[in-house]
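Working notes, beginning with the structure itself.
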Amino acid sequence: MYSYANSFSIVPTFTQQPIIGTSPVSFGETNADKSSPQENRGYKVLQGDCIEILANFTEKSFNFVLTDPPYIAGYRDRSGRNVANDDNDRWLLPAFKQIYRVLADNSFCVSFYGWSQTDRFFAAWKAAGFRIVGHITFPKRYTSTIRMLRYQHESAYLLAKGQPAEPENVIGDVIDWGAYTGNKLHPTQKPVSILLPL
């Protein structure tokens, strides 16, 4: 499973196939599929506004959410590419309210976030109903940006809806980033290898 910035990757609880999409997207089966999904090796891609797409899913339809939303940082990569909606937080609370609604009771959401906007993310997660139950760091083998420090990691929070059981196979809260992806598909592309343990 892969999640691009401004997308919401959701693993379905009640569907047979995982459904994957790109920026901004949702996964799963909708009550009324308003987009035209693309089929690819058993996966369905729904592209559109994640808030609108999530609104079409039934409550408690998914057992896990992995998201890499915009960091609200006005990001621009070395080639000048930017991330949609990274210049505002209007989407933040509505998106996480929808994620909370479609997530099954006693389930997890893993959300990357912009560290300079941690207060906004915390407020939105808590207002949506999530509890913060863990923090994951992904150290990189290279420097992304240099400002006051050399930025060499990414982070995500583990959010809970309800009281999920402890996992059978507990992973560490530090996951090596591995090799640089080259950001060929997206300006803040994550390597699949860091997402699979989640």
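Computed from a predicted model, the values in this text were never measured in an experiment. All values below come from the heavy atoms of this structure, side chains included, with hydrogens, waters and symmetry mates left out.
- Residue Y157 forms a ring pair (Phe, Tyr, Trp, His ring centres under 6.0 Å) with just one option from F96, F122, W115, F108, and that option is F122.
- Counting all heavy atoms, side chain and backbone alike, I175 lies closest to P197 at CD1-CB, 4.3 Å.
- Within the 4.5 Å cutoff, the side chain of K60 has no heavy atoms near those of the V102 side chain.
- Side chain of Q189 to backbone of K184: a donor-acceptor contact under 3.5 angstrom is found.
- Under the 4.5 Å side-chain criterion, counting only non-hydrogen atoms from C-beta, E166 is not in contact with V170.
- A distance-only check finds a donor-acceptor pair linking the side chain of D49 to the backbone of E52 [under 3.5 Å].
- With 3.5 Å as the limit, one finds no donor-acceptor pair spanning the side chains of E59 and Y100.
- Between D86 and Y71, the closest heavy-atom pair is OD1-N, 2.9 Å.
- For the residue pair T188 and N183, the shortest heavy atom distance occurs at C-OD1, 4.3 Å.
- Atom CZ of R131 has more than 12 neighbouring heavy atoms from other residues, nucleotides or ligands inside a 6.0 Å radius.
- S155 has its side chain out of reach of I136: every pair of non-hydrogen atoms, C-beta onward, lies at least 4.5 Å apart.
- The neighbour count for R81 CZ, taken as heavy atoms of other residues, nucleotides or ligands under 6.0 Å away, is above 12.
- The nearest pair of heavy atoms linking I51 to Q98 is O-CG, 4.1 Å.
- A salt bridge between K140 and D176 is absent, with no side-chain N of the basic residue lying under 4.0 Å from a carboxylate O of the acidic one.
- Taking each heavy atom of L103 and F64 in turn, the nearest pair found is CD1-N, 3.7 Å.
- The closest side-chain donor-acceptor pair between W125 and Y113, if any, does not fall under 3.5 angstrom.
- Without hydrogens or angle criteria, D87 side chain to G74 main chain gives no donor-acceptor distance under 3.5 Å.
- Side-chain N or O atoms of K161 include none that pairs as donor or acceptor with a backbone N or O of G129 at under 3.5 Å.
- Rounded to the nearest 0.5 Å, atoms OG (S116) and CD1 (I72) are 8.5 Å apart.
- Between the side chain of W177 and the backbone N or O of R141, no donor-acceptor pair lies under 3.5 Å.
- Contact annotation: the side chain of S144 never approaches that of Q152 to less than 4.5 Å [non-hydrogen atoms, C-beta and beyond].
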message = What verdict does the side-chain contact (heavy atoms from CB on, under 4.5 Å) test give for I53 and C50, after you've listed the backbone C-alpha separation in whole Å, the side-chain angles of each residue and the deciding distance to 0.1 Å?
response = CA-CA 5 Å; I53 291 174; C50 65; 5.7 Å; no
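- Residues F62 and I99 have side chains not in contact (no heavy-atom distance under 4.5 Å, counting atoms from C-beta outward).
- L198 and V174 fall into different hydrophobic clusters, where Ile, Leu, Val, Met, Phe, Trp and Tyr side chains are chained together by heavy-atom contacts under 4.5 Å.
- Cluster annotation: I132 and F130 are assigned to the same hydrophobic cluster (Ile/Leu/Val/Met/Phe/Trp/Tyr, side-chain heavy-atom contacts under 4.5 Å, transitive).
- Remark: the backbone N or O of L54 is paired with a side-chain donor or acceptor of R101 at under 3.5 angstrom.
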Residues I146, Y151; criterion side-chain contact (heavy atoms from CB on, under 4.5 Å); working and verdict = CA-CA 6 Å; I146 299 174; Y151 299 118; over 6 Å; no
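- Summarising the geometry, atom CG belonging to D89 is positioned 8.0 Å from atom CH2 belonging to W91; distances are rounded to the nearest 0.5 Å.
- Residues L92 and P69 fail the side-chain proximity criterion, which asks for heavy atoms closer than 4.5 Å.
- Scanning both residues, L158 and V110, for their nearest heavy atoms gives CD1-CG2, 3.7 Å.
- With N106 contributing its side chain and Q163 its backbone, the two residues share a donor-acceptor pair below 3.5 Å.
- Side chain of T143 to backbone of T145: no donor-acceptor contact under 3.5 angstrom is found.
- Using a distance-only test at 3.5 Å, with no hydrogens or angles considered, no donor-acceptor pair links the side chain of K126 to the main chain of A124.
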